[in-house]
Protein chains: 2
Amino acid sequence: MDNKEIKIGLLGCGTVGSGVYKILEGNADSISKKSGAKLVVNKILVKDKTEPLVVDVNKDLLTENFEDVLNDSEIEIVVEVIGGVNPARDFVLRSLKSGRSVISANKELIAKHGEELLAAAEENEVDFYFEASVGGGIPIISPLKEDLAGNKITKVMGIVNGTTNYILTKMDQEGAEFDTVLKKAQELGYAEADPTSDIEGYDAAYKLAILASIAFESRVNIDDVYMEGITKITKEDITYARELGYKLKLLAIGKQNEGIELRVHPTFLPKEHPLAKVDDVFNAIFIEGDAIGEAMFYGPGAGQMPTGSAIVGDVIAAARNINYGAQGRIACTCFDQKEVKNREEVESSFYIRLDVIDKPGVLGEVTGLLGNNQVSIESVIQHGRSDNSTVPLVLVTHQIKEGNLQKALEKIKSLEDVKEIASLIRVEE
Amino acid sequence: MDNKEIKIGLLGCGTVGSGVYKILEGNADSISKKSGAKLVVNKILVKDKTEPLVVDVNKDLLTENFEDVLNDSEIEIVVEVIGGVNPARDFVLRSLKSGRSVISANKELIAKHGEELLAAAEENEVDFYFEASVGGGIPIISPLKEDLAGNKITKVMGIVNGTTNYILTKMDQEGAEFDTVLKKAQELGYAEADPTSDIEGYDAAYKLAILASIAFESRVNIDDVYMEGITKITKEDITYARELGYKLKLLAIGKQNEGIELRVHPTFLPKEHPLAKVDDVFNAIFIEGDAIGEAMFYGPGAGQMPTGSAIVGDVIAAARNINYGAQGRIACTCFDQKEVKNREEVESSFYIRLDVIDKPGVLGEVTGLLGNNQVSIESVIQHGRSDNSTVPLVLVTHQIKEGNLQKALEKIKSLEDVKEIASLIRVEE
């Protein structure tokens with residue numbers, strides 16, 4: 001190998017940016033052998049040069065001005081780890097248009113503006129890679145775009161948010177309520193001070209939009225993702241999950257049959273399912289394809305070094321392409337705009353927990369209304385009377401159209417002996 | 001996209017070859033969009049043109065003569081799915097030397113002759129890819145060479161043989177003995193008539209040699225892999241595994257610390273370990289890297305369509321490289337020849353099951369001899385007396401050097417009250 005160097009502009013040097021820098025420095029020898037060039041960080045964009053960094057860098061590389069990166073003609077690869085849409089979108093677009101390959105870990109940016117950014121990459125014959133945007137360090141985007149490219153993918157189903165998986169795991173293991181565990185997760189740094197994006201499902205929805213667009217080769221609009229968070233999950237639901245042979249997980253689910261389905265919601269999953277065994281902050285993505293059958297990719301879904309690992313993998317790929325003049329080799333694969341199914345048309349099984357007055361005939365009334373709406377029941381649990389006047393009535397349906405269930409529930413709600421529809425959780429097989 | 005075609009020569013059209021053909025036909029539209037060219041099988045090498053095939057192909061493509069493939073100047077990619085070393089090695093070498101990129105699923109060939117074949121690919125500026133040689137459909141070689149390329153990999157540990165995993169799973173679930181389950185596996189087609197390569201560990205050893213050479217960036221000699229099969233495993237051992245909180249799996253283990261370790265053997269694995277939950281014919285590869293931490297890749301380790309999926313993924317990658325003139329983009333990564341540790345120096349914990357005369361003092365004698373050789377004990381199980389005169393004495397050691405244990409066992413063997421060293425199984429954490 002000659003002494004060729006490829007220069008990198010790093011936009012952002014917080015947790016993840018520092019990880020990228022550390023890996024490029026720490027494993028420089030092996031990385032340069034694989035890349036065919038020495039990879040050198042030439043500029044680092046920070047908000048405030050006087051603020052201390054978590055990694056030891058040459059201070060001369062720092063700048064507070066994006067133009068300094070853009071005008072550094074030596075830079076061939078730009079790494080964006082700022083996060084959020086603004087100003088990341090502008091920086092990424094201008095980098096691509098100036099002929100730089102760009103690596104980004106920014107799920108929100110890609111879920112919302114992927115089409116525009118991938119088009120800019122294609123137009124300018126450069127690469128736009130974003131492995132780190134889903135599943136942290138877990139290779140999943142590249143396997144879908146390359147290794148599994150011969151498959152028609154029919155299902156992609158993932159635990160893609162570590163914070164909520166940690167909370168649900170602890171609720172299960174400790175029999176604790178959501179609020180208690182959330183507070184503990186915040187103390188431990190597993191949940192942010194404002195946890196909305198995680199616990200309401202936004203983070204998982206961005207990731208599903210990215211995964212599904214690649215898996216199903218279709219443009220996906222983030223607004224087409226149905227989203228439900230975990231804030232209403234109670235320890236009762238988790239106890240019933242166990243009693244019924246399930247684990248409760250927040251899943252991002254994409255399916256392709258006639259049209260595609262896109263949904264993020266708490267889910268009862270059979271306890272033998274590979275995803276049901278993924279606990280704590282770990283992530284995993286389970287896929288089904290017509291050739292491979294099923295496969296799963298498991299690992300750390302966040303963190304400085306795992307996310308850095310995914311970004312550096314992309315940087316090496318981009319560097320290899322520069323060496324071979326092969327930029328654009330892996331381009332956008334959203335060949336279609338497939339129809340996203342109406343929520344009423346989506347088929348699923350449901351776990352329903354009602355609070356009912358403990359007297360004869362209630363079960364008959366409820367199952368009657370379900371039956372009238374083509375909702376058939378797989379199992380019922382009605383435990384002994386509690387001290388107060390209501391008891392829980394738990395039902396699990398067969399695979400049914402959600403629209404039919406909604407109609408039945410409207411009527412069940414108005415029954416005199418039904419005090420509340422306490423829970424409604426989808427069941428996956 | 002224009003109407004560019006890339007022609008393929010298929011060497012072999014048995015189970016896996018048929019899978020490749022089916023996928024290329026069935027998903028042709030999506031595959032050609034991703035490849036930037038229509039992928040067309042132009043010749044199929046078979047042993048006997050009159051024998052029926054499991055897939056419907058144009059009979060004009062068939063030939064019994066490899067020269068017909070080699071002399072078809074339109075062919076740019078050769079897929080080798082013959083298996084075994086001869087004549088596959090000759091065919092692959094000549095294909096590479098004639099300027100064709102080659103895809104192979106042939107673990108034995110690559111484990112034994114990978115160096116020569118990769119060198120030929122590099123010399124002739126073509127690709128030699130072999131994702132399907134390890135883990136069937138599971139993407140693992142490409143993730144190691146690309147997505148995880150920024151990591152120093154310290155451990156690669158896998159269930160890479162479906163037959164033995166099926167046998168051990170059934171022994172566990174049904175409390176059955178090895179011979180009984182093997183026979184059933186053969187009836188079901190999960191084990192071959194001559195199961196030697198699977199049950200003695202050869203198949204796993206080939207795969208470990210390939211995995212370790214990539215993970216540790218080092219030339220690996222297949223003879224450096226220590227190998228032990230599962231034929232001596234009894235249901236007693238599996239029962240003790242459960243009692244001690246372990247699952248018994250045949251693992252292929254590679255570690256990199258000072259020097260590298262390469263071993264295939266039955267292993268006690270904590271039942272919470274992600275690999276411990278991989279049952280039946282499924283495969284999984286667990287890795288540890290300095291940046292990513294831990295990750296696991298799970299899926300079907302064999303079969304027509306899963307293996308076909310991996311091969312077609314490689315074909316698409318090779319086609320993309322041809323389109324971009326980027327052949328050789330992912331080359332051999334065996335930069336070093338790292339020292340493989342002497343077996344005596346390898347550190348591990350051990351489960352030891354002895355048959356001893358049931359009388360006071362035996363335990364003291366045994367543990368004394370172990371202690372004299374720096375073998376410390378983590379736990380002991382000595383259940384009540386059986387009807388015959390001997391009882392099992394089960395010990396689990398701490399992490400110790402294997403050489404020290406061998407010395408102690410030599411002496412323990414000669415104790416009058418020790419009738420047999422019935423089992424010796426390594427424990428991984």
Side-chain angles (χ1 to χ4, degrees), chain A residues 19 22-24 26-27 30-31 33-35 131 136-139 142-143 145-152 217 274 277-278 282 284 286 289-300 303 305-306 308-317 320-321 323-330 333 335, chain B residues 19 22-24 26-27 30-31 33-35 131 136-139 142-143 145-152 217 274 277-278 282 284 286 289-300 303 305-306 308-317 320-321 323-330 333 335:
Chain A
K22 276 201 228 172
I23 296 168
L24 288 173
N27 294 337
S30 156
I31 289 172
K33 281 180 187 154
K34 291 173 192 164
S35 309
E131 181 62 69
I138 307 169
S142 151
K145 285 203 170 200
E146 303 191 65
D147 308 291
L148 301 172
N151 287 261
K152 178 177 179 180
E217 302 170 6
K277 302 165 187 170
V278 175
F282 279 96
F286 179 88
D290 63 349
I292 193 173
E294 55 183 55
M296 189 178 80
F297 303 79
Y298 163 94
M305 299 303 279
S309 165
I311 292 171
V312 172
D314 277 351
V315 170
I316 294 171
R320 281 167 161 159
N321 287 348
N323 276 338
Y324 280 87
Q327 294 104 316
R329 186 182 165 276
I330 306 296
T333 48
F335 307 125
Chain B
K22 276 201 230 173
I23 296 169
L24 288 173
N27 294 337
S30 154
I31 290 172
K33 281 180 188 155
K34 290 173 192 164
S35 308
E131 181 62 70
I138 306 169
S142 151
K145 285 203 168 196
E146 304 190 67
D147 308 291
L148 301 172
N151 286 261
K152 179 176 179 179
E217 302 170 6
K277 303 166 187 170
V278 175
F282 279 96
F286 178 89
D290 63 350
I292 192 173
E294 55 184 57
M296 189 176 81
F297 303 78
Y298 164 94
M305 298 304 279
S309 166
I311 291 172
V312 172
D314 277 351
V315 170
I316 293 171
R320 281 166 161 160
N321 288 347
N323 276 338
Y324 280 88
Q327 294 104 319
R329 186 180 165 279
I330 306 295
T333 49
F335 307 125

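A, B, ... follow the sequence lines: proteins, then strands. Residue 1 opens every chain. The basis for the numbers below is simple: all heavy atoms, side chains too, and nothing from hydrogens, waters or symmetry mates.
In terms of the side-chain hydrogen bond (donor to acceptor under 3.5 Å, both in side chains) criterion, Asn323(B) has no residue partners (sequence neighbours excluded). Among residues two or more places apart in sequence or in another chain, the side-chain hydrogen bond (donor to acceptor under 3.5 Å, both in side chains) test is passed with Lys277(B) by none.
Heavy-atom pairs under 4.5 Å with chain A were tallied for Gly299(B), Pro300(B), Gly308(B); the largest tally goes to Pro300(B). Interface check for chain A: of the options Ala291(B), Gly136(B), Gly313(B), the most heavy-atom pairs under 4.5 Å are formed by Ala291(B). Counting heavy-atom pairs under 4.5 Å between each of Gly289(A), Gly293(A), Ser309(A) and chain B puts Ser309(A) at the top. Ranked by non-hydrogen atom pairs under 4.5 Å with chain A, the options Val315(B), Asn151(B), Val312(B) are led by Asn151(B). Most heavy-atom pairs under 4.5 Å with chain B, from the set Glu131(A), Lys152(A), Lys34(A): that is Lys34(A). In terms of non-hydrogen atom pairs under 4.5 Å with chain A, the most contact-rich of Asp290(B), Thr333(B), Ile311(B) is Asp290(B). In terms of non-hydrogen atom pairs under 4.5 Å with chain B, the most contact-rich of Glu146(A), Lys145(A), Glu294(A) is Glu294(A).
For Ile138(B), the part lying near chain A is the backbone, with the side chain staying farther off; criterion is any non-hydrogen pair under 4.5 Å. Both the backbone and the side chain of Asn321(A) come within contact range of chain B, with heavy atoms under 4.5 Å apart. Both the backbone and the side chain of Phe297(B) have a heavy atom closer than 4.5 Å to some heavy atom of chain A. Heavy atoms of Asn27(A) lying under 4.5 Å from chain B belong exclusively to its side chain. Of the two parts of Lys22(A), neither the backbone nor the side chain holds a non-hydrogen atom closer than 4.5 Å to a non-hydrogen atom of chain B.
Within the 4.5 Å cutoff, the side chain of Glu217(A) has no heavy atoms near those of the Lys33(B) side chain.
Here the shortest heavy-atom pairing between Leu148(A) and Gly137(B) reads CD2-O, 4.3 Å. Pro143(A) and Asp147(B) make their closest contact through CD-OD2, 4.2 Å (heavy atoms, listed as atom of the first residue, atom of the second, distance). Pro306(B) approaches Ile292(A) most closely through the heavy-atom pair CG-O, 3.7 Å. Taking all atoms of both residues into account, the shortest heavy-atom contact from Ile31(A) to Ala149(B) is CG1-O, 4.1 Å.
With Tyr324(B) contributing its side chain and Gly328(A) its backbone, the two residues share a donor-acceptor pair below 3.5 Å.
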